[in-house]
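For reference, the structure discussed in these notes is given below.
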2 protein chains.
Amino acid sequence: MRPPLTERQSAIYDFIGTFLRTHRKPPTLKEIGEAVGITSTNGVSKHLDALEAKKYIVRVRNQARSIRLTDQADAYALDRDEVPKITVISRTSSDAPQRLRHRPEGTFVVDPYFVNRVFGNPDDRCLLARAGDDGMNGDGIRKGDFLLIEEMSWEDVRRGDLVACLVGETLLARYFEFTNNRLHLRPADRRYTESTFAPNDAGCYIIGRIIGVMRRL
Amino acid sequence: MRPPLTERQSAIYDFIGTFLRTHRKPPTLKEIGEAVGITSTNGVSKHLDALEAKKYIVRVRNQARSIRLTDQADAYALDRDEVPKITVISRTSSDAPQRLRHRPEGTFVVDPYFVNRVFGNPDDRCLLARAGDDGMNGDGIRKGDFLLIEEMSWEDVRRGDLVACLVGETLLARYFEFTNNRLHLRPADRRYTESTFAPNDAGCYIIGRIIGVMRRL
DNA sequence: TGAGATGGTGGATATTTTTTCACTTATATC
DNA sequence: GATATAAGTGAAAAAATATCCACCATCTCA
């Protein structure tokens with residue numbers, strides 16, 4: 001669709017997006033130049049011409065701070081330092097479970113009012129994943145539901161907490177208990193069986209505590 | 001907390017917010033003046049001084065287009081024509097149910113990626129409210145759950161749809177059916193009874209179809 | 001080997017934008 | 001009646017910002 005950007009053009013495009021998010025206004029040519037190391041505003045202007053020709057930005061002639069990103073998504077993205085973000089994880093067989101967060105499916109930057117109101121105050125540790133079975137059906141969580149997870153190790157989970165865990169390749173919601181040096185994962189539904197694992201069993205990885213559930217109907 | 005604004009200050013504050021959303025950059029003094037009918041930039045500047053003193057905005061001296069709204073909500077608000085928004089409703093006894101949308105508790109402008117991914121594509125018709133009882137406990141909706149509602153009249157709801165309705169002062173989630181010229185609201189839990197109403201009974205108002213459920217744990 | 005794209009420097013100029021100063025008109029308040 | 005606050009005009013000065021011009025270097029491609 002749009003022609004690819006050169007390395008330099010890309011750096012400038014990225015800077016504009018970052019500046020927009022952090023300052024809530026577009027940068028001047030001088031500010032761009034200072035950021036990417038170009039002393040002449042004319043040098044910057046030529047790059048902007050290229051970005052505009054490739055339809056990545058739109059400029060208004062003779063107006064200060066009037067660069068607009070064509071791609072709405074980039075323009076809408078909010079300042080990641082100021083608002084909660086949620087990392088979406090998806091399990092694939094090649095991932096080490098401990099590294100789920102580092103190979104995310106994506107990241108949501110969410111409206112702070114929306115999330116705060118509905119889920120309290122999820123922070124950077126939050127992950128989003130989908131329940132892989134109906135084991136908690138009796139307690140209002142169904143297969144496919146989106147689970148908002150506060151990432152924590154099994155040592156930090158309290159007895160009786162609802163946790164998200166990877167058992168083999170499946171992501172499960174279960175009640176957690178630790179007794180007799182064993183992790184116990186208890187489903188709400190009797191048709192599913194309670195599982196028991198040794199603390200560092202490779203077949204079971206506790207992702208964290210479930211703090212929210214979302215379901216699309 | 002913050003001192004109230006005069007009518008004129010309020011008009012300017014509102015204009016700045018609107019301009020930010022539609023142009024993705026702050027307005028100049030001149031643009032503000034033209035919008036509210038002030039020919040001298042100095043007149044505008046004084047209003048901005050007042051807004052800044054009352055902590056509604058922050059200005060950067062000697063920089064073009066550098067007004068920033070203090071209130072994150074306004075600053076974060078996106079162009080309402082381009083992204084989904086969700087109106088939060090709360091029932092109070094003085095409201096006519098048909099006017100719930102017009103007396104909202106608030107409005108969320110939500111990250112399009114987040115909502116799209118989780119709930120599909122809710123549009124302007126979407127409302128957010130909390131379930132008022134446990135009548136759908138058996139089907140995974142509990143009292144206090146946040147319900148994402150696609151507003152529609154009872155005529156447009158299909159038989160068997162999960163709907164949100166106001167029965168008296170209580171907001172309920174129920175399965176909907178229309179037979180024998182009567183609205184039937186069926187709970188999932190047998191401890192709650194099915195209710196039946198005449199189509200325009202003042203005691204029952206169908207808000208719309210429930211398209212999503214969110215629960216904080 | 002020459003043309004075209006990319007990525008610059010430096011400076012002058014035009015334009016926009018903010019700031020400052022002097023002055024006016026209401027309205028409310030003590 | 002003095003005084004403060006809000007709201008405004010008009011013009012000029014100062015600063016920021018965008019644009020334009022001339023010129024240079026490197027690389028790729030035909």
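Reckoned from all heavy atoms, side chains included, excluding hydrogens, waters and symmetry mates. Chain identifiers are assigned alphabetically (A, B, ...) following the order of the sequence lines, protein sequences preceding nucleic acid strands; residue numbering begins at 1 within each chain.
Closest to the side chain of A:T41, out of C:dT18, D:dT17, C:dG11, is C:dG11.
When each of B:Q9 and B:Q63 is assigned the nucleotide of DNA chain D with its nearest heavy atom, B:Q9 is the one assigned upstream, toward the 5' end. In terms of position on DNA chain C, the residue among A:G43 and A:A50 whose nearest nucleotide sits closer to the 5' end is A:A50. Comparing B:K46 and A:R61 by the nucleotide of DNA chain D that holds the closest heavy atom to each, the one mapping nearer the 5' end is B:K46.
Taking only distance into account, the side chain of A:N42 meets the base of C:dT9 through a donor-acceptor pair shorter than 3.5 Å.
Under the side chain to side chain contact (heavy atoms under 4.5 Å, CB included) test applied with A:R59, the options A:S45, A:S66, A:P26 reduce to a single match, A:S45.
Here C:dT16 presents its C1' atom at 8 Å from NZ of B:K30, a figure rounded to the nearest Å. One atom, CD1 of B:I38, and another, C1' of D:dA6, lie 11 Å apart when rounded to the nearest Å. When the P atom of D:dA6 is taken as reference, atom CG of B:L48 falls 14 Å away, rounded to whole Å. Atom CG in B:L51 sits roughly 13 Å away from atom C1' in D:dA6 (whole-Å rounding). What separates CG of B:D49 from P of D:dA7 is a distance of 13 Å, to the nearest Å.
The backbone N or O of B:V163 lies less than 3.5 Å from no partner atom in the side chain of B:D161, so there is not a single donor-acceptor pair.
For B:R174 and B:D133, the salt-bridge test passes: some basic side-chain N is under 4.0 Å from an acidic carboxylate O.
Within the nucleic acid shown, A:S40 comes within 4.0 Å of at least one base atom, counting heavy atoms only.
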